[in-house]
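First comes the structure, then the notes that go with it.
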Amino acid sequence: MKHFLKGAAAVAIVMFILMLIHIIFNVMGTDLNKYVNNVVEILLASSFATVIYQALIRKEQNDDARK
């Protein structure tokens, strides 16, 4: 259950950052869909979420390796 919550936290962080970026660009009048393909954005977001998740569970992995 801990891993699920950490994964959900990583996804929430990435979603918040993406929404913030889109809001800022929309206020400036720039359409991000012209410049960034949705598939590329999804791949980058999922990679970033995976990196955050790995950082969150690094301590547990180190503790398990020592046992």
Side-chain angles (χ1 to χ4, degrees):
M1 188 68 175
K2 290 180 187 179
H3 288 281
F4 176 77
L5 293 176
K6 288 179 182 182
V11 170
I13 291 168
V14 170
M15 291 289 289
F16 178 75
I17 292 170
L18 285 176
M19 286 191 320
L20 191 62
I21 290 170
H22 279 274
I23 289 170
I24 290 170
F25 276 93
N26 282 337
V27 167
M28 292 184 341
T30 304
D31 184 22
L32 286 179
N33 292 331
K34 289 183 191 176
Y35 305 109
V36 179
N37 191 355
N38 288 335
V39 174
V40 173
E41 184 177 359
I42 290 168
L43 289 173
L44 290 173
S46 61
S47 299
F48 188 55
T50 304
V51 168
I52 292 173
Y53 173 73
Q54 290 295 326
L56 289 173
I57 66 167
R58 182 177 300 144
K59 183 179 179 190
E60 289 179 20
Q61 287 177 342
N62 290 340
D63 290 343
D64 290 341
R66 290 180 189 163
K67 290 181 179 179

Item to check | With Gln54 via side-chain hydrogen bond (donor to acceptor under 3.5 Å, both in side chains) - residues at least two apart | outcome: none
Using a 3.5 Å cut-off and no angle test, enumerate the donor-acceptor pairs between side-chain atoms of residues 7-14 and protein atoms at least two apart in sequence or in another chain.
none

Item to check | Distance in Å, Leu56 CG paired with Leu5 CG, rounded so as to fall on 0.5 Å steps | outcome: 11.0 Å
Checklist entry - Which heavy-atom pair separates His3 from Tyr53 by the least distance, and what is that distance? => result ND1-OH, 2.9 Å
Checklist entry - Can you tell me how far CG of Leu20 sits from CZ of Phe25, rounded to the nearest 0.5 angstrom? => result 10.5 Å
Item to check | Within one Ile-Leu-Val-Met-Phe-Trp-Tyr cluster: Ile17 and Ile24, side-chain cutoff 4.5 Å | outcome: yes
Next on the checklist: Suppose we screen for side-chain hydrogen bond (donor to acceptor under 3.5 Å, both in side chains). Which residues come up paired with His22, at least two apart in sequence or across chains?
Outcome noted: Glu41
Item to check | ILVMFWY network linking Leu44 to Leu18, side-chain heavy atoms under 4.5 angstrom | outcome: no
Checklist entry - Roughly how far, to the nearest 0.5 Å, is the CD1 atom of Ile57 from the CD1 atom of Ile52? => result 13.0 Å
